[in-house]
Each structure stands twice: as C-alpha cells, then as structure tokens.
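Inspection log for the structure reproduced underneath, given as structure tokens.
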2 protein chains.
Amino acid sequence: MVKVSVEMEQAAVILKLLGDKTRLTMLKLLDEHTCCVCEFVEIFQVSQPSISQHLRKLRDVGLVKEERKGQWIFYSLNKTNAYYTFLVPLLEQLPDQRYRLKELEENGTRINCC
Amino acid sequence: MVKVSVEMEQAAVILKLLGDKTRLTMLKLLDEHTCCVCEFVEIFQVSQPSISQHLRKLRDVGLVKEERKGQWIFYSLNKTNAYYTFLVPLLEQLPDQRYRLKELEENGTRINCC
DNA sequence: TGCGTATATAAGTATATAGTTATATACTTA
DNA sequence: TAAGTATATAACTATATACTTATATACGCA
C-alpha cells in the first residue's frame, strides 16, 4: 500500500494553483531563493497588485510564508507545509529559474529593494 | 544539474488540467485501469458530454489515448507521452480510486457497458 | 510629522472554464 | 434497414480567474 500524502480534493486545489505559469515560476524561484514582491513585479512584468494576489493565493493554502524585513516582505517556500512533499517532485522537474534573479542583478533591480 | 523534463509553460498547462477534481480522479483511475466514458459518467454523476469534454482536454495534450472496442471507447493513460514521467510522482501520492470501480461492479453498472 | 517606497486590498472587467441541453455520429443487433 | 446504445460536438450559461486602476496601510527616513 502506497502512502497517500494528500486527499483528492486538496490535491486538485493545489494543482490548480500550480497550473498558472506565473505562480508555478514563483514557486520554482522560491524553492531556490527567498524573494520579495518587487522582484516578482520586475521579473513578470505585471502590476504589483497582480503579484500580491498570486502570493496571497499561495499563502492562503500555506505553500509560502512571508517575513517582513523593514520595508520589504520576503516570501519563501513553507517547507513544513503538508503539501510541500507533494510539490517537491514536481518542482524538481522544472527548469532552473535562477537566471531570472541574475538578470535582476545585472540591471540593478535586485539591489534596489533587497 | 538536475534533468529538466518539461518546460515551464507546458508544465503549467498540464498542471492546470490536473487542477480539476474530476480530471485528476480520472487520471488516477486510468493509472490503475482502463475505463470507458459511460463508467466515468456513472462514477462522477455528471452528464456524458461533460465527461467527453474532460477526456478531450486530456487527449488533446496527449495524456490519455483512446481505443474503440465496438460500441465503446476505452481510455487509458498514454505512458509514452512526454509528460507521463512528470505525472507519475504526483499520481503516486494520490489515494487509490479502485474502490470506485468496485462500487460500479457492485451495482452492476460496470458490467453494463464494459 | 510629512514624504517616499513597498505591499495589500477593493472594485471593476475581460476571458476562461465547467457545466448544461440539443444534436450529430458511430456502432450493434433485431 | 430501423432502433437502441455509446460517444462527440455545438451552443449556451453561470461562475471563476487574472488582470487592471484606485486606494489603503505599513515602514523608513529627513
């Protein structure tokens, strides 16, 4: 008997959240680095509220956690979350996204806020 | 360097398809057994077109394949599909759905068509 | 305290999605 | 060939989703 880590309904909820290119990329990035909202805004070239709303959805199911450091709020993967082990084999198969952070560093937008 | 099995955009498309309870359960069932449309109709208690439309989406990305046997069309997981290995660790973590087929057998609705 | 920056939330909108009913197509069998 | 069963597609509808702009809140610093 294979161990079941999540129920069907919960799994579908999580997978629906991952089924968005922006959120999926966010999670892959967060698996590699802590990021703040303004970095995501720069990376994805969408409005700041749009990023906040994506992060809220991920936070609402506990996939990510936030930590305020002064003016900025840093997001990271919540590795204690029940769904984290469900996520891991997925994220492992996704292409490395660290080049995006490197791009930020190159044009100075990473330094600006973090 | 971890081997990348899928690109971001494709992964998001696949995960969005999995982010629906009906389709996710279908895939888990198909991982265990071949099924035909009428069985899914019975299991999920939705209209036949609804089931057909779900199956079409899964077929369009190549996750499932169909095989006509007389009057019936049997669906199964397409294990040669590029996304199959992406899927496997996910499906493994989902609860076994064979009890649903057992239920069909018990009330005779499995026999009716397959 | 007042201003600038970072983030969150509210409200609105366009599009996507999942279901429905109606109908078409394909096969089986009398 | 006609009737019955299985499946697919078309058209429609209600709801969900992802974005936008406008505004509120929180923090740092002069």
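Since the model is a prediction, treat every value here as computed from it, not as a measurement. Each chain gets a letter, A, B and so on, in the order its sequence line appears, and its residues count up from 1.
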Do the side chain of [X] and the main chain of [Y] share a donor and acceptor less than 3.5 angstrom apart?
X	Y	value
B:Arg23	B:Leu17	yes
B:Asn81	B:Gly62	yes
A:Ser50	A:Val46	no
A:Lys28	A:Leu91	yes
A:Glu42	A:Cys38	no

Whole angstrom value for the distance that separates [atom2] of [N] from [atom1] of [X]:
X	N	atom1	atom2	value
B:Leu55	C:dA18	CG	P	13 Å
B:Leu58	C:dA18	CG	P	10 Å
A:Glu66	C:dT7	CD	P	11 Å
A:Glu39	C:dA6	CD	P	11 Å
B:Ile73	D:dT7	CD1	C1'	5 Å
A:Phe74	C:dT5	CZ	C1'	14 Å
B:Lys21	C:dG19	NZ	P	11 Å
A:Glu42	C:dA6	CD	C1'	14 Å

Distance-only side-chain donor-acceptor flag, B:Arg56 / B:Gln53, under 3.5 Å: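 No pair is found: no donor N or O on one side chain lies under 3.5 Å from an acceptor on the other.
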
Nucleotide N/O of nucleotides 16-22 of chain D paired with protein N/O under 3.5 Å:
| residue | atom | partner | partner atom | Å |
| --- | --- | --- | --- | --- |
| D:dA18 | OP1 | A:Asp20 | OD2 | 3.3 |
| D:dA18 | OP1 | A:Arg23 | NH2 | 3.0 |
| D:dA18 | OP2 | A:Arg23 | NH1 | 3.1 |
| D:dA18 | OP2 | A:Arg23 | NH2 | 3.4 |
| D:dA18 | OP2 | A:Lys57 | NZ | 2.8 |
| D:dC19 | OP2 | A:Ser50 | OG | 3.3 |
| D:dC19 | OP2 | A:His54 | NE2 | 2.2 |
| D:dC19 | O5' | A:Ser50 | OG | 3.3 |
| D:dT20 | OP2 | A:Ser47 | N | 3.1 |
| D:dT20 | OP2 | A:Ser47 | OG | 2.5 |
| D:dT20 | O4 | A:Gln53 | NE2 | 3.2 |

Write down the protein N/O and nucleotide N/O pairs, taken from nucleotides 28-30 of chain C, whose separation is under 3.5 Å; answer none if there are no such pairs.
none

Watson-Crick or G-U wobble partner of C:dC3, both distances under 3.5 Å: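 Paired with C:dC3, as far as the under-3.5 Å criterion goes, is D:dG28.
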
Complementary nucleotide for C:dT29 - Watson-Crick or wobble, under 3.5 Å: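 Here C:dT29 is engaged in a pair, and the nucleotide opposite it is D:dA2.
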
Distance test, side-chain N/O of A:Arg56 to OP1/OP2 of C:dT9, below 4.0 Å: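 So the side chain of A:Arg56 is within the cut-off, an N or O lying under 4.0 Å from OP1 or OP2 of C:dT9.
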
Short side-chain N/O contact from A:Tyr75 to OP1 or OP2 of C:dA8, under 4.0 Å: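 Result: yes.
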
A:Leu27 side, atom CG; A:Leu90 side, atom CG - distance, nearest 0.5 Å: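 The distance works out to 10.0 Å.
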
Over 12 foreign heavy atoms within 6.0 Å of CD, B:Glu32: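 Atom CD in B:Glu32 is crowded, with more than 12 foreign heavy atoms closer than 6.0 Å.
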
Intermediate values then yes/no, side chain to side chain contact (heavy atoms under 4.5 Å, CB included), B:Tyr75 and B:Arg59: CA-CA 9 Å; B:Tyr75 280 86; B:Arg59 191 159 39 83; 3.6 Å; yes

